[in-house]
Amino acid sequence: MNSVKSIVVLTGAGISAESGIKTFRADDGLWENHRVEDVATPEAFERDPWLVQKFYNERRRPLLCYQERESEVKYNPAHKALAKLEAQFDGDFLLITQNIDNLHEQGGSINIKHMHGEVLKMRCKSTNTVFDCFHDIEVADLCDCCGEPNNLRPHIVWFGEMPLYMDEIASAISSCDLFISIGTSGNVYPAAGFVQMANQAGARTLEINLEESLVASNFDQAIYGKAGEVLPAWVEEFLIGQRKK
């Protein structure tokens, strides 16, 4: 591969699954034994805010004390490999993730765009002010910026809502010369279309996944296996190759 000056990485549920976080939608259409329509839409929040807050409180808790609790969810070698790639790559680097957890941050990554939001943040419905959230949210909690109860919602992109940072993402992909997709199914848009954007920009494209995604044919190269096993070796080989350019 010729010398690379700009890398964009997209990660999906597969990389978090290796840390024990269940994928967003299981084969039976449920997410953690809930219908997606009951916990991941604006209508669900209006209809039953207690259930939605309870659901995301439960998703948040395992991420809070990973250093103290051996059983809690924590980053895996794939997250560490991406942090190493970002730290040692002498060029522009952007990590886009569809995941709402903080495992990339745990692993040491810095330049991250959570296009589907973050479970460790909350947002005021009135002002869209975003706050860090390291505790349970209750329906009766008063919002720090507006002072109203039941005005705090998880900072999550739900069905029917626009993903975050789309302008910045499009700009980065249109100017990158290497695009890597890791642990994605290829059936969730707009992320599934990012490889086509990269192809149009003339970038090299690489898929790292357990198996072929639905858009696998759009990639120049593919490596199949667990990201925690194959990604560290690829990163090491890539960095060595870049130093020789």
Side-chain angles (χ1 to χ4, degrees), residues 1-19 23-24 75-99 101 103-104 107-116 163 165-166 168-245:
M1 182 181 293
N2 294 330
S3 181
V4 174
K5 297 180 180 179
S6 176
I7 299 175
V8 173
V9 177
L10 170 69
T11 64
I15 195 170
S16 291
E18 293 182 31
S19 289
T23 54
F24 178 77
Y75 62 85
N76 64 59
H79 297 103
K80 291 296 293 183
L82 288 175
K84 179 177 180 178
L85 178 60
E86 178 181 5
Q88 298 187 17
F89 173 60
D90 187 20
D92 295 326
F93 181 92
L94 177 64
L95 173 57
I96 306 162
T97 185
Q98 300 173 81
N99 302 327
D101 57 66
L103 298 184
H104 284 301
S109 293
I110 298 172
N111 194 16
I112 310 169
K113 297 295 185 186
H114 285 265
M115 63 179 293
H116 291 162
Y165 311 112
M166 288 306 298
E168 295 98 318
I169 289 170
S171 176
I173 294 175
S174 66
S175 60
C176 77
D177 40 30
L178 175 59
F179 174 80
I180 309 170
S181 177
I182 305 169
T184 65
S185 63
N187 65 359
V188 177
Y189 283 83
F194 289 171
V195 63
Q196 294 176 320
M197 295 172 56
N199 286 331
Q200 292 170 359
R204 295 285 298 175
T205 54
L206 168 64
E207 173 171 87
I208 297 177
N209 212 357
L210 272 177
E211 57 189 11
E212 289 188 355
S213 71
L214 295 179
V215 293
S217 61
N218 291 312
F219 288 88
D220 298 314
Q221 181 185 1
I223 301 173
Y224 296 117
K226 290 186 176 180
E229 296 174 358
V230 301
L231 184 59
W234 182 89
V235 167
E236 188 65 30
E237 181 181 357
F238 172 81
L239 291 172
I240 291 173
Q242 288 295 292
R243 297 184 193 110
K244 293 180 179 178
K245 301 297 183 182

Separation between CG (Leu94) and NZ (Lys113), nearest 0.5 Å, reads 7.0 Å
Given side chains that start at C-beta, do those of Ile169 and Phe194 come closer than 4.5 Å, heavy atoms only? yes
Considering all heavy atoms of both residues, which atom of Ala216 and which atom of Tyr224 are nearest to each other, and what is their separation? CB-OH, 3.8 Å
All heavy atoms of Ser174 vs all of Ala201, minimum pair found to be O-CB, 3.3 Å
Side-chain contact, heavy-atom cut-off 4.5 Å: Phe238 with Leu206? no
Nearest heavy-atom contact between Ala227 and Ile182 is CB-CG2, 3.9 Å
Below 4.5 Å, heavy atoms only, C-beta onward: do His79 and Glu18 meet side chain to side chain? no
Between the main-chain N or O of Thr184 and the side-chain N or O of Asn209, is there a donor-acceptor pair closer than 3.5 Å? yes
Hey, mind stepping through Ile96 and Tyr165 against side chain to side chain contact (heavy atoms under 4.5 Å, CB included) and telling me if it holds? CA-CA 9 Å; Ile96 306 162; Tyr165 311 112; over 6 Å; no
Separation between CG of Leu178 and CD1 of Ile7, rounded to the nearest 0.5 Å: 5.0 Å
Are any of the side-chain heavy atoms of Ser181 and Ser213 separated by less than 4.5 Å? no
A side-chain contact here means heavy atoms from C-beta on lying under 4.5 Å apart; do Ile15 and His104 qualify? yes
Glu237 and Ile240: side chain to side chain contact (heavy atoms under 4.5 Å, CB included), yes or no, with the steps? CA-CA 5 Å; Glu237 181 181 357; Ile240 291 173; 5.9 Å; no
For Ala198, give me all partners under side-chain contact (heavy atoms from CB on, under 4.5 Å), at least two apart in sequence or on another chain. Ile173, Phe179, Ala203, Thr205
Looking at CG of Asp177 and OG of Ser3, how far apart are the two atoms once the value is rounded to the nearest 0.5 Å? 8.0 Å
Qualifying residues under side-chain contact (heavy atoms from CB on, under 4.5 Å), relative to Glu86, sequence neighbours excluded: Phe93, Ser109, Ile110, Asn111
Qualifying residues under ring-ring contact (aromatic ring centres under 6.0 Å, His included), relative to His114, sequence neighbours excluded: none
Can you check whether Lys226 reaches Asn76 side chain to side chain, under 4.5 Å on heavy atoms? no
Keeping to residues at least two apart or across chains, list the salt bridge (charged side-chain N to carboxylate O under 4.0 Å, His left out) pairs with something in residues 205-221. none
Pairs in or reaching into residues 187-197: which pass side-chain hydrogen bond (donor to acceptor under 3.5 Å, both in side chains), with residues at least two apart or in two chains? Ser185-Asn187
Report the distance from atom OG1 of Thr11 to atom CG of Leu103, rounding to the nearest 0.5 Å. 9.5 Å
Who passes salt bridge (charged side-chain N to carboxylate O under 4.0 Å, His left out) against Glu236, sequence neighbours left out? Lys84
All heavy atoms of Ala192 vs all of Gly186, minimum pair found to be CB-O, 3.3 Å
